Amino acid sequence: MSAGSGSGSGSGPGSGSGPGSGFGKALVIITGASRGFGRALALSVAPRLSAGSVLVLSARSEDRLLELKRDLGRGHPGITVRCVAADLGCKAGVDRLITETRDSATEPGIQTLLLVNNAASLGDVSRRCRDFTDVCEVDSYLSLNVSSALCVTAGVLRSVPGRPGLSRVVLNISSLCALRPFPSWVLYCSGKAARDMMFRVLAEEEPDLRVLNYAPGPLDTDMQLQARSSSADDALRNTFSVMHANGQLLTCDQSVSKLMTVLLEDTYPSGAHLDYYDL
Amino acid sequence: MHSFLSESLHIKRSVSEFLHHSSPRLPGFSPERPTMEDLISREPRDLGRALCIITGASKGYGRALAFQLSCRLKPRSVLVLVARTKAQLNELKEDIVSLCGQKKLDVRCVQADLEETEGVEKTVQAIKEMNSTEPDHVLLINNAASLGDVSRFALSFTDPAEVNRYLSLNVSGALSLTAGVLQAFPRRLGLRRTVVNISSLCALKPFPSWVLYCTGKAARDMMFRVLAEEEPDVRVLSYAPGPLDTDMQLQARRFSGDLELRRSFSSMFSEQQLLSCEESGSKLIKLLLDDDFPSGAHLDFYEL
């Protein structure tokens, strides 16, 4: 895999420690990094970064971020880990993350910028469309799940402009819910559908970027727990409970592993929606 | 190539080929063949004794629908027109009342800005107060929308407040208003409930420099698909009206940041390929009268 030329598709992340095995010297930003998929991704990406790389981790919980930083530090001393405790549902949080990214972007010789828009919430799945009479509640949901993804992406990419030798990759952690409606999941489905479209527009506008909507599959996380305990729709709740009971939920590591392969092979069409089960 | 023109014409051409039937607006059209509007005006069916609510009613598509729908409502129906500008609403009300003449159509104007929480609440409150009218059909047309700043590209949207405001009108407002209406008129035997989402090709395809509009429309389409899943007795339709000759279209051809898109809109305008609101409105009304669309479906003017 050649070092990125910063233009066209398939220009790829840097060669790192061997073709296709790493991102080289990278600036990696992961939102929602304290638990679940984001955390697993941070732990999986770290071994694929060359010395001098910077990993910016954002989440609301400072404690959990610091714990993750300690875990990462033990295995990967050559990597700088920056923790940004921020609630992306509000402007101050978004600004804080952008500022931290801007500071981290001064690191010379970065070969790969990888932004992972992972932070998300399920919304109140115990209620149906007809129950969402409060505009503020819906606004608040969209602020975190849609607006912040756009603003963080815009802020980060402006802080790390394109140049030859730099591959810029923007990831949206998507869902089957971006494509199919699920009863009692109006906020989550609408937010995911919105995000997928948003990143498709980005891919159209910026041919130099590598943009991917990755649907990770049904993961065994806190979000899944919420899904199977709170969903108002009986059939959906049962489906999740059965999946859990039968060990059919994916571990975050399983899904992250497939994602890593996709990113490193770097042949996906920019703007595509890829699902764990497609790969 | 991602121009609006090529996308729309592609749909039109492929449907035309399939149906061996051409749009009445194309050259070579036989003058004997009735237009959609002619067919609709001769249509004897109606939409019942309805409570019909139209948002964004003061101009463009909403305004045209207000006129066309008013002719389809039985006497003692109530037509609720929602928009920000009171003066335009009142004028519209007068015009509709004169048009309907003898028929007893109760036209109510609600001045509300659906970008504000209070606007949605005020509208829902006004609708709740119409409970006593006991309609046999509640028809909500979620038409109010904005284009957003199409002169700019996705990477310029760094201010969450701007994006939030946009989503509040175009997504949250539509959901909360719909929820409020469905709660004000809950499911009951003999009551037909129809919810329309004025959608767009942009709900399905990304267009450069249109991130807010595409994102909002994609969110809405999904929202209404979930609604259709949850409420099997509610008839839910996402209707993409085609490229209409309105102020929104003017904004599109003047300001779109993407050059190719801007040119595409300009040539649609200069070559008179834009649709009149009436022509598109007639198709929507036919869909509502036929009432056989799959609930939750996205239907485009050019597919029908």
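Since the model is a prediction, treat every value here as computed from it, not as a measurement. Chain letters run A, B, ... following the sequence lines, proteins first and then strands; every chain starts at 1.
Across all non-hydrogen atoms, the minimal contact from A:Asp134 to B:Ser176 is C-OG, 3.6 Å. Among all heavy-atom pairs drawn from A:Ala193 and B:Met222, the shortest one is CB-CB, 3.6 Å. Residues B:Asn164 and A:Ser143 come closest through the heavy atom pair ND2-OG, 3.2 Å. When every heavy atom of B:Pro206 is checked against every heavy atom of A:Glu204, the shortest pair comes out as CG-CG, 3.8 Å.
Only the backbone of A:Ala178 has a heavy atom closer than 4.5 Å to any heavy atom of chain B. In this structure, chain A has no heavy atom under 4.5 Å from any part of B:Thr178. Only the backbone of A:Cys177 comes within contact range of chain B, with heavy atoms under 4.5 Å apart. There is no contact between A:Glu137 and chain B, counting heavy-atom distances below 4.5 Å. Interface remark: A:Val186 contributes backbone and side-chain atoms alike to the contact with chain B (heavy atom separation under 4.5 Å). Using a 4.5 Å cut-off between heavy atoms, B:Ala203 contacts chain A through its backbone alone, with no side-chain atom that close. Neither the backbone nor the side chain of A:Leu88 comes within contact range of chain B; no heavy atoms are under 4.5 Å apart. Interface remark: B:Leu204 contributes backbone atoms only to the contact with chain A (heavy atom separation under 4.5 Å). Looking at A:Phe132, both its backbone and its side chain come within 4.5 Å of chain B, counting heavy atoms on both sides.
Counting non-hydrogen atoms of other residues, nucleotides and ligands closer than 6.0 Å to CZ of A:Arg127 gives a total above 12. Enclosure of atom CZ in B:Arg192 by more than 12 non-hydrogen atoms of other residues, nucleotides or ligands within 6.0 angstrom is indicated. Residue-environment remark: CD (B:Gln183) exceeds the threshold of 12 foreign heavy atoms within 6.0 Å. For A:Arg60, the CZ atom sits in a loose shell: 12 or fewer heavy atoms of surrounding residues, nucleotides or ligands are nearer than 6.0 Å.
Of the listed residues (B:Gly180, B:Cys214, B:Gly173), the greatest number of heavy-atom pairs within a distance under 4.5 Å of chain A belongs to B:Cys214.
For the atom pair OG of A:Ser190 and CG of B:Leu175, the computed distance is 7.0 Å after rounding to the nearest 0.5 Å. Note that CG of B:Leu227 is 12.5 Å distant from SG of A:Cys189, once rounded to the nearest 0.5 Å. A distance of 11.0 Å separates OG1 in A:Thr133 from CG in B:Leu177, rounded to the nearest 0.5 Å. Distance check, rounded to the nearest 0.5 Å: CZ of B:Phe207 to CZ of A:Arg200 gives 10.0 Å.
The interface of residues 144-154 of chain A with chain B, defined by heavy-atom distances below 4.5 Å, comprises A:Val146, A:Ser147, A:Leu150, A:Cys151, A:Thr153, A:Ala154. Residues of residues 141-163 of chain B that come closer than 4.5 Å to chain A, counting heavy atoms only, are B:Phe153, B:Ala154, B:Leu155, B:Ser156, B:Phe157, B:Thr158, B:Asp159, B:Pro160, B:Val163, ordered by residue number. Within residues 117-140 of chain B, the residues having any heavy atom closer than 4.5 Å to a heavy atom of chain A are B:Thr117, B:Val120, listed by residue number.
The side-chain hydrogen bond (donor to acceptor under 3.5 Å, both in side chains) search around B:Ser266 returns none, not counting sequence neighbours.
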